[in-house]
There are 2 protein chains.
Amino acid sequence: MKVAVLGTGMVGQSLADRLAGQGHDVTVGTRDVEATMARTAAGSMGNPPMVEWLRDHPRVTLATFATATAASELIVNATSGDASVAVLEAAGRENLAGKVLLDFANPLDYSQGFPPSLFVSNTDSLAEQIQAAFPEARVVKSLNTMNALLMVDPRQLADADHTVFVSGNDVEAKQVVTGLLRSFGHTDVIDLGDLSTARGTESLLPVWVRLFGVLGMPTFQFKIVR
Amino acid sequence: MKVAVLGTGMVGQSLADRLAGQGHDVTVGTRDVEATMARTAAGSMGNPPMVEWLRDHPRVTLATFATATAASELIVNATSGDASVAVLEAAGRENLAGKVLLDFANPLDYSQGFPPSLFVSNTDSLAEQIQAAFPEARVVKSLNTMNALLMVDPRQLADADHTVFVSGNDVEAKQVVTGLLRSFGHTDVIDLGDLSTARGTESLLPVWVRLFGVLGMPTFQFKIVR
């Protein structure tokens with residue numbers, strides 16, 4: 001599958017690495033290719049600069065948001081929540097039309113420090129805001145409730161005995177994403193329903209950040225025991 | 001222990017039943033004892049009217065909110081979230097002072113139908129509003145993330161292999177509640193920290209109500225796999 005991964009941070013790199021390793025044709029999207037290639041400092045999560053990361057991933061291409069999305073069937077939003085709508089605008093709505101858009105950004109607001117609050121919640125969600133801004137995209141919310149390592153390699157924890165949620169208005173798009181999740185190793189996929197159910201999964205973040213504080217490591221996961 | 005359970009609904013009855021069965025000295029609090037004893041219809045969850053329930057629980061007393069709390073060391077808030085502060089006002093702040101107040105009410109707003117939204121969330125919580133209204137009470141938030149059956153008898157599901165959270169500003173009050181949880185059969189108790197962490201656990205409700213819809217039964221639970 002031709003996949004555009006929007007975002008060059010730790011999460012974008014994890015997804016691009018995993019997808020390329022599975023044989024997908026991956027293009028990483030960024031705002032300014034030259035500027036991204038000129039950066040030599042490590043990322044905010046200690047991840048390598050893209051110029052170095054691309055040397056280790058020769059099959060992955062770096063391109064602008066627009067070029068990356070235009071060529072792809074599946075678009076992965078790996079940007080921070082507060083940048084997501086602007087990045088998708090930069091990608092161009094014509095490049096999103098009809099495409100499956102896997103969104104796992106969270107609407108975290110760090111303006112008051114740690115712990116973050118949510119800049120949209122309760123009666124709306126970031127996923128719904130993205131869908132409203134790009135009505136022709138087929139938005140699926142998933143994977144936003146766990147650390148990047150567990151997103152792409154859930155077997156790293158308890159042999160994947162934990163849960164991933166899927167929300168979206170397009171049944172076929174949810175099937176594409178569910179297939180991808182299973183290919184990553186996810187065993188318990190719960191389809192919560194339409195995209196308004198992303199209000200629920202984005203609202204898991206406030207307890208997630210507190211658990212991160214208490215447990216002292218990000219490799220934990222929600223499991224729905226039933 | 002002398003315990004006041006405030007609220008005569010299904011959740012109040014479940015807690016009172018369990019606590020009395022453990023040998024605690026339980027008084028159920030209600031606004032108007034005569035009016036409560038006069039009701040002969042089943043409760044909203046199909047639970048028996050109190051007049052019938054008390055016949056089956058001869059060791060439990062029914063009293064006004066004030067009488068119930070005045071006599072008790074531990075107070076359990078089993079009222080609906082939108083009534084909680086008014087009920088505690090009726091109990092009388094002098095009767096709450098210095099007492100452990102176990103709060104598992106959720107700030108559910110059903111004014112727009114199902115699914116409910118939250119009438120307080122994100123940068124505040126019902127637990128914090130209760131603590132602010134009654135600064136001398138020792139509020140502990142817990143048990144609000146599961147069905148009443150699993151609150152009091154967690155072994156009914158997966159041999160209690162799931163998680164309960166505790167939030168509160170008073171370390172000793174959290175120890176009292178944690179002891180109670182373990183006596184009920186809870187095996188995985190996570191102390192999230194101060195009462196502001198109740199923002200996180202109250203925010204689990206939006207996904208809880210969606211899971212209830214999808215799974216078709218309320219006897220499921222969150223487990224934090226780590």
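We name chains A, B, ... by the order of the sequence lines, and we start the count at 1 in each one. Just so you know, these numbers use all the heavy atoms, side chains as well, and skip hydrogens, waters and symmetry mates.
For the set A:Leu211, A:Thr219, A:Asp161, A:Thr201, the count of heavy-atom pairs under 4.5 angstrom toward chain B peaks at A:Leu211. Counting heavy-atom pairs closer than 4.5 Å to chain B, the top residue among A:Glu202, A:Met217, A:Arg210 is A:Arg210. Comparing B:Ile190, B:Val207, B:Val214 by how many heavy-atom pairs each has under 4.5 Å with chain A, the most go to B:Val207. Taking B:Pro206, B:Gly213, B:Ser203 one by one and counting their heavy-atom pairs under 4.5 Å with chain A, the maximum is reached by B:Ser203.
Judged purely by distance below 3.5 Å, without hydrogens or angles, the side chains of A:Glu128 and A:Ser125 pair a donor atom with an acceptor atom. For B:Thr30 and B:Thr8, the side-chain atoms include no donor-acceptor pair closer than 3.5 Å. Residues A:Asn144 and A:Asn106 have side chains that bring a donor and an acceptor to within less than 3.5 angstrom of each other.
A salt bridge between A:Asp124 and A:Arg199 is absent, with no side-chain N of the basic residue lying under 4.0 Å from a carboxylate O of the acidic one.
Both the backbone and the side chain of A:Ile224 come within contact range of chain B, judged by heavy atoms closer than 4.5 Å. Within the 4.5 angstrom heavy-atom criterion, atoms from both the backbone and the side chain of A:Ser196 approach chain B. Using a 4.5 Å cut-off between heavy atoms, A:Leu192 contacts chain B through both its backbone and its side chain.
Aromatic rings from B:Trp208 and B:Phe222 are positioned such that their centres are separated by 6.0 Å or more.
Evaluation of the salt bridge (charged side-chain N to carboxylate O under 4.0 Å, His left out) rule for B:Glu52 yields no partner, not counting sequence neighbours.
Nearest heavy atom pair, residue B:Ser183 against residue B:Gln22, reads OG-NE2, 3.0 Å.
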*Please lay out, stage by stage, how B:Asp188 and B:Arg182 fare under the test salt bridge (Lys or Arg N to Asp or Glu O under 4.0 Å).*
CA-CA 9 Å; B:Asp188 185 28; B:Arg182 295 202 182 278; over 6 Å; no

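Between the side chain of B:Thr178 and the backbone N or O of B:Gln175, no donor-acceptor pair lies under 3.5 Å.
Using non-hydrogen atoms only and a strict 4.5 Å limit, the part of residues 109-121 of chain A facing chain B consists of A:Ser117, A:Leu118, A:Ser121.
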